[in-house]
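Take a look at the structure set out below.
Keep in mind that the numbers below use all heavy atoms, side chains included, and drop hydrogens, waters and symmetry copies. Chain naming here is simple, since letters A, B, ... match the order of the sequence lines and numbering starts at 1 in each.
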2 protein chains.
Amino acid sequence: IISTENLWKTYQMGEQEVRALSGVSFEVARNEFVAIMGPSGSGKSTIMNLLGCLDTPTKGKYYLNGQLVSSLSENELAYIRNQEIGFVFQVFNLLSRATAFHNVELPLIYKGESKKQREKKVYRALEMVEMLNRKDHRPSELSGGERQRVAIARALANDPSLLLADEPTGNLDSKTGQEILKLFQKIHDRGNTIMMVTHDQNIADLAQRIIHVKDGKIDHT
Amino acid sequence: IISTENLWKTYQMGEQEVRALSGVSFEVARNEFVAIMGPSGSGKSTIMNLLGCLDTPTKGKYYLNGQLVSSLSENELAYIRNQEIGFVFQVFNLLSRATAFHNVELPLIYKGESKKQREKKVYRALEMVEMLNRKDHRPSELSGGERQRVAIARALANDPSLLLADEPTGNLDSKTGQEILKLFQKIHDRGNTIMMVTHDQNIADLAQRIIHVKDGKIDHT
Ligand SMILES: Nc1ncnc2c1ncn2[C@@H]1O[C@H](COP(=O)(O)OP(=O)(O)OP(=O)(O)O)[C@@H](O)[C@H]1O
Ligand SMILES: Nc1ncnc2c1ncn2[C@@H]1O[C@H](COP(=O)(O)OP(=O)(O)OP(=O)(O)O)[C@@H](O)[C@H]1O
Ligand SMILES: [Mg+2]
Ligand SMILES: [Mg+2]
C-alpha cells in the first residue's frame, strides 16, 4: 500500500541547509501495523507528513496504492486524504472555536454524509475514546490528554483504511494509553493498515515491525 | 514553600458544572522534588496552573513562601512569576513568530537583565537541552520534541527557585527524556524545588514523593 524510494526533505534557512530526511526508502504492505521510533528531531513527523500527503518531498518517490503521489492533482490528493487516510497529529490540530463534537464531525461533512449518519459516527468515535461526556467542550476547555483523544476520535470516525498516528499517546497516562492501543489493534484486526510514531517501547512492541529513524535516515543497525 | 488548603476549581458550562478540582490540600517543603501523577482529565494541569499563579481557585487557599497568593496584587504576582517560578507548560506556549533564541530570552528581558548577561544565559540554557544548533528556528521549524526542549530551556534560563513542569518529557524519546531528567536533578541538587506532572512511572521514581490525583481529588489509597 505504501512504497517510498529515496525520499529527501530539506529546508533552506538562510545560508544553512537543514536536512530533515536524506534518502529514506521503505515499503509497508496492506494490513501491516508498523511502529516508527527514533530520537527527537530525527525526521519521524516529516515522514508521516509525506505519507499523509500533507507535504511534498524535496526529492524521491512516494507510491500510495500503487499510484505515484507526486503525479496526482490537488483534488485527487484531497480525495485520498479524506476517504482513505486518518491522521492523528503530534500537535492535535483541533479547531479552537469548534466543540469536540464538531471537530470529529468535520471530516464527515467534507465527505458529504447525511446529518443522521454523521451524528451516529461521531457519537461512536467519541465513545470509543471515552470522551462523550466532554462533547460540547472546545479544545481550551479540555485537558491535554482529552484533546489528544478527540484528535484520535476524529481520525477514526471515517473508518480509514490507512491510519497515520504521530505519537498518539504522548499526553496520556499509561492506562488510557493502553486503551487507545487496544482501539488501534481492533482497527488493525479489521484489515486496516496502521503506521504509528511512538517513543514508548511498550507501545512499539504491539506493532508487527519497527522502523528506526536516526538523523533523517532509516537505521538498519 | 507551598501550602494549599481545600482548593476547588469549577467551570460553569451552560447548565452543567464541571469540577476540575474538588478540595485539594497538600504541602511541599523547600528543595523537595515532587511528582504528580493521575489519569487524563484528573486535574493535574489545573493544580499546576494554580501553583504557578496563572489561574485562581474557585475556592480554597494557596500560600506561596508563606504569603496568601489571593491577597497579592497583580504586580506582586507578576514579580513572583518572573523572578522565582519557571514554568514548562504541557502545550509549550512558545511565541510562534519568535526564534528559539528569542523565546528563551523573553523572561530575561522582563527581568531587566543586560543584553550581554541575557545572551550568556540563553546560550547556556539552549546548550543544556542540546538545542543550540536550532537557535534561529521558529517553533514551526522545529520538531515536537525540539519545541518542548526550547520550552524547558526558557523555564530554566532564569534559574528559578521553584520549577513547575507539566509533562516535560511527553514528546521526547527515552534517551532525550532521561537527559532532561538529569538536568532537573542538577537543578534540584542546587537547592531548588521541583514539581513535575508525569505519566511515566520511570520518571516519577526519580522524585522523592508522588502525589496521586484522581477525579479532582488527591488519592490517598
Ligand atoms: N476551561 C474549562 N472549561 C471546562 N472544563 C475544563 C476547562 N479546563 C479544564 N476543564 C476540565 O477539567 C478537567 C481537568 O483538566 P486538567 O487539564 O487539569 O487535567 P489533567 O489531569 O492535566 O489531564 P491530562 O493528563 O490529560 O493533561 C478535565 O476533565 C477538563 O475537561
Ligand atoms: N519548517 C522547517 N524548517 C527548518 N527545519 C525544520 C522544519 N521542520 C522541521 N525541521 C527540522 O527537521 C528535523 C526533523 O523534524 P521532525 O519533526 O520530522 O522530527 P521528529 O522525529 O518528529 O521529532 P520529535 O520526536 O521531536 O517530534 C528537526 O531537526 C527540525 O528542526
Ligand atoms: Mg515529531
Ligand atoms: Mg494536563
Next on the checklist: For the CG atom on A:D215, are there more than 12 heavy atoms of other groups (residues, nucleotides or ligands in this structure) within a distance under 6.0 Å?
Outcome noted: no

Checklist entry - Does CD belonging to A:E27 count more than 12 external heavy atoms closer than 6.0 Å? => result no

Checklist outcome for this item: Okay, A:S40 and chain B: the region with an atom under 4.5 Å from a heavy atom over there is both

Item to check | Region of A:Q148 that comes under 4.5 Å of a non-hydrogen atom in chain B | outcome: neither

Item to check | chain A contact via B:E141 - side chain, backbone, both or neither, heavy atoms under 4.5 Å | outcome: side chain

Checklist entry - For atom OH of B:Y123, is the number of surrounding heavy atoms from other residues, nucleotides or ligands below 6.0 Å larger than 12? => result no

Checklist entry - Going by heavy atoms in the side chains, are B:V18 and A:R134 under 4.5 Å from each other? => result yes

Checklist entry - Would one find more than 12 heavy atoms of other residues, nucleotides or ligands at under 6.0 Å from atom CD of A:Q208? => result yes

Checklist entry - Quick check: are there more than 12 heavy atoms from other residues, nucleotides or ligands sitting under 6.0 Å from CZ of A:R97? => result no

Item to check | Selection from B:K175, B:R149, B:M13 maximising heavy-atom pairs under 4.5 Å formed with chain A | outcome: B:M13

Item to check | Part of B:E167 within contact of chain A (heavy atom distance under 4.5 Å) | outcome: side chain

Next on the checklist: Please classify the contact of A:D136 with chain B as side chain, backbone, both or neither, using a heavy-atom distance under 4.5 Å.
Outcome noted: backbone

Checklist entry - To the nearest 0.5 Å, what is the distance between OG (B:S174) and CG (A:D200)? => result 9.0 Å

Checklist entry - Can A:Q90 and B:N171 be said to form a side-chain contact (heavy atoms from CB on, under 4.5 Å), step by step? => result CA-CA 8 Å; A:Q90 187 171 358; B:N171 276 273; 2.9 Å; yes

Item to check | A:H199 side chain vs B:G170 backbone, donor-acceptor pair below 3.5 Å | outcome: no

